[in-house]
Amino acid sequence: MRRKLQHLDYKILLPYLLLVFFGIIMVYSASSDILLVNGFKPATYGIRQAIYAVVAFFCFATLAFFLRLELFKRTKFVAWFLGISMFLLFYLIVLKVFKGSDAAVNGAVGWIDLKVIRIQPLEIAKLALVIYLAYYLDRHDGSFRQGNIVNNLIRPAVLSGVMMLLVIVEPDLGGTAILATIVIIMFSLSGVPAKNALLCLIGIGIGVLFLVFLIVKWNPDFLQSSYQYQRLMSFLHPFELEQKGGAQLVNSYYAIHNGGLFGVGLGNSMQKRGYLPEPYTDFILAIAAEEIGVIGALLVLGLLFYLMWSIMEVGLHASTQFNALVCFGVTTIIFTETLFNVGAVLGLLPITGVTLPFISYGGSSLIVLSASIGLVLNIAANERIKKEEELADEYQS
């Protein structure tokens with residue numbers, strides 16, 4: 001335990017802690033006015049986020065760091081973790097069938113309410129998928145020759161497809177896209193020929209664009225009342241549909257414009273005062289840009305990308321396929337969430353409800369991301385210890 005602590009990678013730990021701390025401040029700032037207007041204590045969500053952060057760090061990140069790394073490679077662990085995540089996703093479908101709109105939040109049945117906390121199974125599924133693919137692809141390392149690609153990838157492809165199907169039925173298009181990106185990236189980095197991976201990525205991209213084109217042109221009646229369809233139309237015509245779903249994007253523009261380069265100061269946002277719906281969740285970056293300015297927001301995003309690079313660096317120098325793929329998978333989760341969130345805030349991508357990693361309000365996301373960071377720190381420490389032992393052996397010989 002002490003030896004692991006001596007090899008702690010502070011290039012990962014410190015950015016993670018800074019981002020979580022900034023997230024607590026921004027959740028408090030973005031939510032306080034709305035809570036006060038509705039008769040609640042202004043610090044309610046800020047305190048909750050702080051509690052989530054403490055639990056996430058001390059219970060999940062610390063546990064993932066101190067557990068033996070071999071545990072994550074065991075078949076039983078992978079099977080149980082994957083099985084639990086699939087069961088929770090399936091349970092959401094049961095809720096959707098029997099409770100319908102009563103179980104929906106913002107048009108999607110994506111949460112399990114345990115009264116004390118709401119669990120979002122998708123967040124667990126992301127990490128479970130990363131660990132499963134790293135485990136499976138590591139066991140088939142070097143076997144992805146031209147004639148065996150389909151045979152070797154059929155099992156993880158089918159399982160990933162079932163997981164994505166369960167998520168899209170909720171419906172959660174953003175979550176489905178994140179899972180698909182994880183699969184494509186990890187397949188690409190596991191030894192699958194780049195040509196095949198690229199063709200797969202291009203094919204999926206063309207398919208998604210064609211589907212969006214059909215929906216926009218066809219404009220079917222049964223979709224017009226759906227929450228997801230309204231969000232897509234609001235992305236395409238935000239100002240025309242400001243009263244029917246475009247309010248978030250329009251007020252996001254206003255927030256960024258109001259903030260300018262240096263911001264109006266922490267706590268001084270105007271858009272969080274009832275103009276921008278739920279400003280402490282997926283549009284918290286717009287409030288941050290208004291309060292600390294575009295430069296401040298860019299510094300936060302820069303810290304996120306520095307964290308991603310530090311994790312990638314561990315993966316690039318990893319001694320095993322499993323360690324490398326876990327690092328690349330965790331980086332993919334953080335990158336795709338950041339991309340979809342920033343893209344939605346700037347109006348470059350449709351609004352999918354994807355939150356900003358470590359910063360947006362929410363327990364499930366923060367806990368799973370913290371566990372992921374703990375696992376990466378575990379890998380980094382083990383790699384450093386292994387290299388130290390190898391150098392010692394070389395010196396003795």
Side-chain angles (χ1 to χ4, degrees), residues 16 19-20 23 27 48-49 51-57 59-61 63-64 72 78 80-93 95-96 103-106 108-114 116-134 160 162-183 186 278 280-282 284 304 307-308 311 326 329-341 344 352-376:
Y16 157 72
L19 287 166
V20 171
V27 166
R48 282 187 193 174
Q49 189 72 359
I51 293 171
Y52 293 151
V54 170
V55 171
F57 179 74
C59 295
F60 291 89
L63 182 65
F72 297 96
V78 175
W80 272 99
F81 192 22
L82 190 65
I84 289 170
S85 67
M86 294 290 279
F87 171 78
L88 292 174
L89 288 174
F90 182 75
Y91 181 71
L92 290 177
I93 306 305
L95 283 179
K96 184 179 178 69
V105 178
N106 291 334
V109 182
W111 287 264
I112 299 173
D113 192 354
L114 299 179
V116 179
I117 187 175
R118 288 193 308 175
I119 296 175
Q120 191 174 10
L122 170 64
E123 301 301 330
I124 301 172
K126 292 173 189 175
L127 182 57
L129 184 61
V130 166
I131 292 176
Y132 166 71
L133 289 177
S160 303
V162 171
M163 184 179 282
M164 284 184 270
L165 180 64
L166 291 173
V167 174
I168 203 169
V169 168
E170 294 179 12
D172 188 339
L173 301 180
T176 306
I178 291 172
L179 293 177
T181 307
I182 291 170
V183 174
M186 293 187 72
E278 298 185 11
Y280 47 88
T281 55
D282 47 327
I284 197 167
L304 259 172
L307 174 63
M308 287 183 245
I311 296 172
V326 167
V330 171
T331 304
T332 303
I333 293 173
I334 299 172
F335 176 75
T336 49
E337 287 183 354
T338 304
L339 177 67
F340 291 162
N341 181 271
T352 55
V354 175
T355 55
L356 188 62
F358 306 106
I359 295 170
S360 292
Y361 175 74
S364 295
S365 175
L366 187 56
I367 285 171
V368 172
L369 285 171
S370 297
S372 304
I373 293 296
L375 178 55
V376 171

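The basis for the numbers below is simple: all heavy atoms, side chains too, and nothing from hydrogens, waters or symmetry mates.
Residues K96 and L92 form no side-chain contact, since every pair of their non-hydrogen atoms from C-beta on lies 4.5 Å or further apart. Side-chain atoms of I334 and I311, non-hydrogen and from C-beta on, do get closer than 4.5 Å to each other. With a 4.5 Å cut-off on side-chain heavy atoms, L369 and I333 count as touching. Looking only at side-chain heavy atoms (C-beta outward), L88 and S85 stay at 4.5 Å or farther from each other. For the pair T336 and I182, the minimum side-chain heavy-atom distance is 4.5 Å or more.
Checked against side-chain contact (heavy atoms from CB on, under 4.5 Å), V55 has the following partners two or more places apart in sequence or in another chain: I51, C59, F60. Taking A177 as the reference, F340 meet the side-chain contact (heavy atoms from CB on, under 4.5 Å) condition, with sequence neighbours excluded. By the ring-ring contact (aromatic ring centres under 6.0 Å, His included) test, F335 is found to be paired with no residue, residues two or more places apart in sequence or in another chain being considered. Partners of Y280 by ring-ring contact (aromatic ring centres under 6.0 Å, His included), not counting sequence neighbours, listed by chain and number: Y45, Y361. Not a single side chain to side chain donor-acceptor pair (under 3.5 Å) links Q120 to another residue, sequence neighbours left out. Contacts of L63 classified as side-chain contact (heavy atoms from CB on, under 4.5 Å), with partners at least two apart in sequence or in another chain: L67. Legend: residues meeting side chain to side chain donor-acceptor pair (under 3.5 Å) with Q49, ordered by chain and number and at least two apart, are absent.
Here the CD1 atom belonging to I112 is positioned 8.5 Å from the CG atom belonging to L89, to the nearest 0.5 angstrom. Taken from OH in Y91 to CD1 in I84, the straight-line distance is 15.5 Å, to the nearest 0.5 Å. With rounding to the nearest 0.5 Å, the separation of CG in L166 from CE in M164 is 11.0 Å. Between L307 atom CG and T331 atom OG1 the span is 8.0 Å, to the nearest 0.5 Å. The distance from the NZ atom of K126 to the CD1 atom of I178 is 4.0 Å, given to the nearest 0.5 Å.
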Check your understanding: D282 and L356: side chain to side chain contact (heavy atoms under 4.5 Å, CB included), yes or no, with the steps?
Key -> CA-CA 6 Å; D282 47 327; L356 188 62; over 6 Å; no

Which atom pairs, donor and acceptor, lie under 3.5 Å between side-chain atoms of residues 127-134 and protein residues at least two apart or in another chain?
none

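Contacts classified as side chain to side chain donor-acceptor pair (under 3.5 Å) and involving residues 364-376 (residues at least two apart or in different chains) are given here: Y16-S370.
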